Structures are given as C-alpha cells and as structure tokens.
Visitor: 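Before anything else, here's the structure in question.
Counting from 1, the numbers follow the sequence of the chain as shown. If you're wondering where the values come from, they're calculated on a predicted model, not measured in any experiment. Whatever order the structure lists ligands and atoms in, that order sets their numbers, starting from 1.
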Amino acid sequence: MRPAIRPGSRLVLPAVASALAGALCCASSSSGPVHAPGDLVFPDGFQWGVAMSAFQTEGHVENDWTDWAAAGKAPLLGDACDSWNRWPEDVQLAADLGVKVFRMSVEWARIEPQEGAFDEAAIAHYRDVLTAVRKAGMEPLVTLHHFTNPRWVAAAGGWADPRIVESFKAYAAFVGQRLGDLVDQWNPQNESVVYITGLSLVNTFPGGQIFDLDLLHRMFRHTVFANAAAVDALRASDTKDADGDGKPVVAWLVHATSPTYPADPENPDDVTAAANWDYLYNLAFVNALVKGELDLDFDRKIDPTIDISGLHEGIFDELKGRVDLLGINYYARNFVMASPGLIPNVDALPCVNGMCGDLGPVAGDNGNEVYPPGLYRALKEFAPFGLPLTVSENGVADAADTLRPAFLVQHLAQVHRAIAEGIDVRGYLHWSLLDNYEWASGYTMKFGLVAVDFATQARTPRPSFALYRDIAAANAVPKTALDQWTLDGIVAAPGD
Ligand code: GCO
C-alpha cells in the first residue's frame with residue numbers, strides 16, 4: 001500500500017542493466033544451470049519466492065477492516081480470491097512457478113476471534129495449507145499481522161494501547177506452539193511503519209487520524225514492544241526445527257522501505273527534510289528492534305528523561321536483537337519536501353498526489369513511479385545493520401502485464417548489482433502470486449503474476465509468470481531478457 005509518488009527534478013542516467021550484465025556471470029555451481037555471458041547469475045541457494053496475505057486472498061473474514069469497509073471507508077471484501085477454499089490450487093500455482101519461498105499470513109481474527117478463545121478449526125486449516133506448501137517443496141514464511149485486527153483488539157484501542165503487547169504476545173505464543181513444527185520463518189508484523197504512520201498521520205487504516213502526534217508516539221512505542229514480545233514468544237514456543245537447519249525460528253522484520261529524495265535537491269530545507277523523513281520512515285523502527293534504541297520524538301537522540309505522550313525513550317534490552325533477517329519491501333521512492341512544524345524534529349512531508357510535480361515516464365496502474373535503482377539504494381541503506389536481507393515484496397499494479405516483465409527484470413538487475421557489491425541479499429519474493437484485494441483500491445489494482453477473474457475465480461497466469469518461472473529455474477536473469485525488457489526514460493539520482 002503506497003501513496004502515489006510524484007518525482008521532482010532528476011538527473012538522467014543510462015540503463016544500469018547492461019553495465020551490470022556479466023558482473024556475476026558464469027558463477028554458477030558445476031551442477032547448476034548453464035549460463036551465457038552477460039546473464040546475471042544469482043548466488044547458489046538464492047531464494048525465489050512469492051508473497052501474499054490472508055486478508056487479501058481468503059475472503060469473508062470478519063475483522064476491523066471488514067467493519068471499516070462496511071462503513072464505506074474501503075471496498076467490501078467479499079470472496080476475495082476465495083483462497084480459504086481454493087488454497088490447493090494456489091499452492092499448486094506457486095509450485096508450478098518453481099519458487100521455494102511461499103510468503104503468507106495467518107488471520108488473527110480467525111485464530112482468536114475472542115480474546116483468549118482460540119479456534120482449533122482455523123489452526124487446523126492453516127496446518128493443512130502449510131503441510132501442502134512444504135510437500136510442494138516450498139518453505140513457508142508466515143506473517144502474524146498483516147494490517148488487520150480482530151474486533152476485540154480494535155475495541156481495546158488497537159496498537160495505540162499498551163495492552164497490545166500482551167495480547168499480540170499471547171497470540172504469537174499460541175501460533176508458534178501450534179504451527180512451529182511446520183514453520184521456521186516468522187514475521188510478526190507486516191510493514192509496521194506503514195501501519196503506524198498510515199493510522200496516525202494519514203488515516204488509511206481503521207481507527208486512523210490525520211496528523212495525530214500523540215497517536216504516532218503511542219503507536220510507535222507499543223508496536224515496537226509488541227513486535228519484540230512476539231519474537232520472544234515465538235522463540236520460546238516454537239522449538240521445532242521444521243527444515244532441519246538447526247534454527248526453529250528465524251525472526252524476519254518485513255519492512256516497507258522507501259528511499260527518500262529531496263523534492264528540490266537545490267533547496268537545503270528539502271535536503272534536510274528528506275534525511276529526517278528517511279530516519280522516521282526507514283530507520284527508527286529498525287534501530288529499535290535491532291539495537292534496542294527507542295527514539296520517540298525522532299530527534300536521533302535517546303533521552304530517557306523526557307516525557308513524550310506519557311512515554312519514555314531509552315535503550316532497551318527487551319527490544320535489542322529481535323531481528324534475524326531484514327525483509328525489504330520496495331515499490332517506490334519518496335520525494336520529500338520541507339514542512340516546518342508539522343512533525344517536530346522531522347519537519348518533512350512526503351510528496352503525494354502531485355505535490356512535487358509531474359509523474360515520471362513509467363508508472364504502474366496505481367500511478368506509482370517505477371524506479372528500479374531505488375531497490376538498490378534500499379538494499380545499500382539497510383546493509384549496515386549487519387543482518388541478512390531478502391526482498392520480501394516487490395511488484396507492480398499492471399493489469400495488462402505490459403510493464404511487469406521489465407519491472408521484474410530491471411528490479412532483479414538492481415538486486416544483482418547489490419549482491420555484486422557484497423551486500424548479503426538472500427532472496428527475492430514477488431508481490432504477488434495472485435491478483436487480490438488491494439486495500440483502499442479493492443479489486444481494481446492487479447498485482448498478480450496470475451490474473452484472477454473475481455466473478456468466476458478462474459486463475460490465468462500472465463506472461464510474466466513464465467518469465468519469473470524461467471528466471472527462478474535458471475537462478476539468473478538471462479542477458480536476452482535484460483536486452484528485451486528495458487525501461488525507457490528511467491532517470492536516476494546521483495549515487496543510484
Ligand atoms: C503493502 C502490503 C501489501 C500490498 C502491496 C501492494 O505493502 O502494503 O504488504 O498488502 O498489497 O504492497 O500495494
């Protein structure tokens with residue numbers, strides 16, 4: 001879920017792909033596929049996958065978003081992809097794609113419809129799905145919270161209320177205990193910062209407000225602690241090593257990254273604003289769960305003596321080290337303009353809805369700029385945390401599938417570029433396997449490698465399905481694909 005981004009002034013750079021072609025060429029293992037000169041070969045064991053979420057695919061869930069939609073704030077969910085019933089077909093499609101990672105989520109409202117009352121039938125359902133995923137040779141990556149809450153959580157104040165820490169922890173402990181023999185890869189929450197800022201600044205989630213700083217501070221604080229508590233609960237409850245690699249729990253932080261750029265690079269206030277927004281949006285949450293540093297007023301200083309919305313900053317042992325792998329979700333970059341006083345210490349506002357000028361030449365159906373070098377920039381930005389990285393979401397709204405092939409190939413070229421520079425990128429998960437319920441856009445935005453006819457539920461692979469299948473099978477982006485699938489008119493900022 002991303003606001004439309006409107007780029008400001010930019011510099012033109014030549015296509016990166018051809019310059020990179022061959023950087024890792026011919027590095028495949030002797031038993032692997034044969035590669036031609038100029039192919040972008042990924043390291044052995046690179047994890048190809050797809051990503052999706054429960055609410056967006058299952059259909060007929062009852063939770064806080066359902067109520068929000070019923071109140072007219074978003075399109076009604078209805079059947080979605082009917083994946084609650086058609087999951088065997090979906091698992092088979094992913095298997096046919098040849099990917100090895102199947103990112104999915106479990107729906108809290110189904111598993112714990114009332115506080116403390118867990119639904120065994122829901123768990124049995126997810127066990128069937130996970131068993132099938134593993135049988136099909138894929139490793140599941142399971143998210144516990146992908147933007148939606150049971151009604152009782154919302155009624156208790158949701159993620160702005162400190163009780164979320166205990167309730168999320170109890171849910172994580174239950175799921176870890178019941179599914180741990182089938183799952184090693186866990187992600188407590190999808191895109192926490194999108195959720196926090198969407199709810200407290202731009203009112204894009206149930207219970208949302210416009211620029212409510214008190215809400216921002218409370219959401220940030222409790223969400224950080226809830227994520228850390230969920231990791232602790234998973235580490236304690238899931239002692240079963242499903243894939244035999246000696247690690248029963250790999251805690252992912254699936255993070256929405258959006259590299260920031262000043263709306264006007266000549267304007268020093270915009271330059272500062274871009275750096276400040278980068279800190280708030282990209283770095284502060286990761287700092288908390290990796291280093292234990294909780295900075296609630298986003299001034300880059302930890303001062304336990306100050307009171308922010310009744311809360312205190314600090315460096316906390318109970319936050320530190322709660323991430324084993326950083327998941328990088330990347331769709332678009334953010335242009336940022338100075339906006340003094342709007343958020344103290346940040347004084348910045350990302351450009352949305354044409355605020356910073358015209359859209360670039362290439363855009364998805366939702367108006368998002370397509371800018372592959374931003375993925376390279378994101379991987380470079382997060383490498384210093386010293387954790388392995390995986391691209392946990394990247395995709396484009398493109399019903400016609402005319403843009404997706406080049407989107408895919410050129411973003412993968414940027415992943416390859418990062419790896420060639422020594423950045424530890426372990427995998428790439430494409431969003432998404434299927435067209436699905438795209439939040440406020442409902443069924444209008446088509447992110448699937450597989451098209452879904454929502455009247456008949458027929459699934460039809462788009463041409464880019466075969467392209468991605470061949471890339472995954474070859475563990476390489478062939479030079480022929482790089483030459484065929486170019487993005488004209490992409491311009492890159494200095495350093496990108
Ligand atoms: C997000 C989510 C997905 C979206 C996807 C496309 O990034 O908001 O994880 O739920 O559907 O990103 O916008």
Visitor: Check for me whether Asn190 has a heavy atom closer than 4.0 Å to any atom of ligand 1.
Guide: yes

Visitor: Return a yes/no value for Gln56: is any of its N or O atoms, backbone included, closer than 3.5 angstrom to an N or O of ligand 1?
Guide: yes

Visitor: Provide the number and element of each atom of ligand 1 under 4.0 Å from a heavy atom of His146.
Guide: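 With His146 as reference, the close atoms of ligand 1 come out as 2 (C), 3 (C), 9 (O), 10 (O).
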
Visitor: Taking only heavy atoms of Phe147, which atoms of ligand 1 are found under 4.0 Å from at least one of them?
Guide: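 So the atoms of ligand 1 that pass are 1 (C), 2 (C), 8 (O).
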
Visitor: For the CD1 atom of Ile490 and the OH atom of Tyr371, what is their distance to the nearest 0.5 Å?
Guide: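 The distance works out to 8.5 Å.
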
Visitor: Tell me whether Tyr437 contacts the main-chain N or O of Pro75 through its side chain, where contact means a donor paired with an acceptor under 3.5 Å.
Guide: yes

Visitor: So that I can tick it off, tell me whether Asp278 and Arg377 are bridged by a salt bridge, with the cut-off set at under 4.0 angstrom between side-chain N and carboxylate O.
Guide: no

Visitor: Treating Arg462 as the side-chain partner and Thr460 as the backbone partner, does any N or O pair qualify as donor plus acceptor under 3.5 Å?
Guide: no

Visitor: As a check for students: among Met445, Glu438, Glu393, identify the option with a heavy atom nearest to atom 2 (C) of ligand 1.
Guide: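 Going through Met445, Glu438, Glu393 one by one, Glu393 has the nearest heavy atom to atom 2 (C) of ligand 1.
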
Visitor: With respect to Glu191, determine whether any N or O atom, backbone or side chain, lies less than 3.5 Å from an N or O atom of ligand 1.
Guide: yes

Visitor: Only heavy atoms of Trp431, strictly under 4.0 Å: list the atoms of ligand 1 that pass.
Guide: 3 (C), 4 (C), 5 (C), 6 (C), 10 (O), 11 (O)

Visitor: Do Trp159 and Phe220 have their ring centres less than 6.0 Å from each other?
Guide: no

Visitor: With no hydrogens and no angle check, is any side-chain donor or acceptor of Asn334 less than 3.5 Å from a backbone partner on Val336?
Guide: no

